[in-house]
Amino acid sequence: MRKLLFLLILITALAACNSTKTDVTINEQYLVFGKYYGHCRDECATLFKMEGTQLFADDLARFTDWDSLKFKSSALPNERYESAKALLDAFPQELLNVTEETIGCPDCADQGGFAIEIRKDGVLRHWRVDTNRSDLPDYLKTYVDKIDATLQRFE
């Protein structure tokens, strides 16, 4: 009887954990932005995640793929969030129509690239964007300029 009761409690707890995690993941909205370099020493990525009213710095030395993104658990000071908030407000809706995940040729000539990821209304999209502005549509030139300016303020 004790084993059956224990098993029942365990199954209920696991089911509750799984449903909670799924709900959070589906409803989670955020913006990731930053710059990365493939051929460098030490710190090769400077990425940030804006989630809710908080901003988090990356917790990785290199950006290799979207699944490996990690961010520190402590939020940056509110001034940094306020400075970066304009990126969310200025996010170009045209970018959501771009089906390719690579725009231009980011880091092909060792020039680095911009990383942009957005999760909104349960939809996750991400792009690697060339730093060579001549290879970008006008709306994206303006946006990566804003990302660049934000990153410079954070230095």
Side-chain angles (χ1 to χ4, degrees), residues 16-155:
C17 289
N18 286 342
S19 65
T20 303
K21 184 175 182 186
T22 303
D23 292 344
V24 170
T25 303
I26 290 171
N27 295 323
E28 182 180 25
Q29 297 194 30
Y30 62 82
L31 173 68
V32 172
F33 65 92
K35 228 173 182 179
Y36 67 92
Y37 297 88
H39 303 288
C40 73
R41 293 179 182 243
D42 302 320
E43 189 66 32
C44 300
T46 304
L47 303 174
F48 297 90
K49 181 178 185 181
M50 190 179 325
E51 187 173 10
T53 58
Q54 296 183 310
L55 184 68
F56 302 89
D58 69 72
D59 193 13
L60 47 99
R62 294 187 180 279
F63 169 58
T64 54
D65 60 69
W66 297 104
D67 292 332
S68 66
L69 286 181
K70 290 188 285 185
F71 294 89
K72 296 183 179 171
S73 58
S74 300
L76 294 167
N78 192 52
E79 302 82 53
R80 291 250 180 131
Y81 166 79
E82 290 297 328
S83 180
K85 189 170 111 175
L87 292 175
L88 190 57
D89 298 336
F91 187 85
Q93 294 303 304
E94 301 95 328
L95 188 54
L96 295 173
N97 297 324
V98 176
T99 56
E100 297 83 19
E101 292 185 1
T102 303
I103 302 171
C105 194
D107 211 30
C108 289
D110 204 22
Q111 82 279 20
F114 290 100
I116 303 170
E117 180 176 73
I118 190 165
R119 182 175 188 86
K120 187 174 181 182
D121 300 326
V123 178
L124 176 65
R125 300 288 311 278
H126 48 249
W127 304 267
R128 291 176 187 248
V129 180
D130 202 336
T131 58
N132 182 357
R133 272 118 173 119
S134 65
D135 292 340
L136 304 178
D138 289 338
Y139 73 87
L140 200 48
K141 288 178 190 175
T142 304
Y143 193 64
V144 296
D145 286 345
K146 290 179 190 234
I147 292 174
D148 232 358
T150 301
L151 294 174
Q152 288 176 20
R153 284 193 302 272
F154 289 175
E155 290 179 348

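- A ring-ring contact (aromatic ring centres under 6.0 Å, His included) check over residues 69-89, counting only residues at least two apart or in different chains, returns nothing.
- Screening Leu96, Val32, Leu124 for a side-chain contact (heavy atoms from CB on, under 4.5 Å) with Ile118, the sole residue that qualifies is Leu96.
- A donor-acceptor contact shorter than 3.5 Å links the side chain of Asp107 to the backbone of Gly112.
- Sorted by first and then second residue, the pairs that involve residues 43-57 and meet side chain to side chain donor-acceptor pair (under 3.5 Å), not counting sequence neighbours, are Glu28-Lys49.
- Put simply, the side chain of Val98 reaches to within 4.5 Å of the side chain of Ile103, judged on heavy atoms.
- A distance-only check finds a donor-acceptor pair linking the side chain of Asn132 to the backbone of Ser134 [under 3.5 Å].
- Contacts of Asp148 classified as salt bridge (charged side-chain N to carboxylate O under 4.0 Å, His left out), with partners at least two apart in sequence or in another chain: Lys35, Arg133.
- Within the structure, no pair that satisfies the disulfide bond (SG atoms under 2.5 Å apart) test touches residues 117-155, not counting sequence neighbours.
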- Message: Test side-chain contact (heavy atoms from CB on, under 4.5 Å) on Asn78 and Leu55; report intermediate values, then the result.
- Response: CA-CA 8 Å; Asn78 192 52; Leu55 184 68; over 6 Å; no
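- Sorted by first then second residue, the disulfide bond (SG atoms under 2.5 Å apart) pairs that include residues 112-155, not counting sequence neighbours, number zero.
- Of all non-hydrogen atoms in Pro106 and Gly113, the two that sit nearest each other are CB-CA, 4.0 Å.
- A distance of 8.0 Å separates NZ of Lys146 from CG of Leu87, quoted to the nearest 0.5 Å.
- The stretch residues 81-149 participates, sequence neighbours left out, in these disulfide bond (SG atoms under 2.5 Å apart) pairs: Cys105-Cys108.
- Evaluation of the ring-ring contact (aromatic ring centres under 6.0 Å, His included) test over residues 97-131, restricted to residues two or more places apart or in two chains, returns Trp66-His126.
- Leu47 is not listed as a side-chain neighbour of Phe33, based on a closest heavy-atom distance of 4.5 Å or more.
- Sorted by first and then second residue, the ring-ring contact (aromatic ring centres under 6.0 Å, His included) pairs involving residues 132-155 (not counting sequence neighbours) are Phe48-Phe154, Phe91-Tyr143.
- A pairwise comparison of heavy atoms in Leu60 and Ala45 identifies CD1-CB, 3.8 Å as the closest pair.
- With sequence neighbours excluded, the residues that form a salt bridge (charged side-chain N to carboxylate O under 4.0 Å, His left out) with Lys141 are Asp138.
- Applying the side chain to side chain donor-acceptor pair (under 3.5 Å) test to residues at least two apart or on different chains, the pairs with a partner in residues 82-96 are Ser83-Arg153.
- Here Ser68 pairs with Thr64, Asp65 under the side chain to side chain contact (heavy atoms under 4.5 Å, CB included) rule; sequence neighbours left out.
- With sequence neighbours left out, the salt bridge (charged side-chain N to carboxylate O under 4.0 Å, His left out) criterion links Arg125 to no other residue.
- The distance from atom OG1 of Thr150 to atom CG of Asp145, rounded to the nearest 0.5 Å, is 10.5 Å.
- Between Lys120 and Gln29 the shortest side-chain heavy-atom distance falls below 4.5 Å.
- Counting only heavy atoms from C-beta outward, the side chains of Asp58 and Leu69 never approach each other to under 4.5 Å.
- Arg128 forms a cation-pi arrangement with Tyr36, by the criterion of a distance under 6.0 Å to the ring centre and an angle within 45° of the ring axis.
- No side-chain donor-acceptor contact under 3.5 Å links Tyr37 and Gln111.
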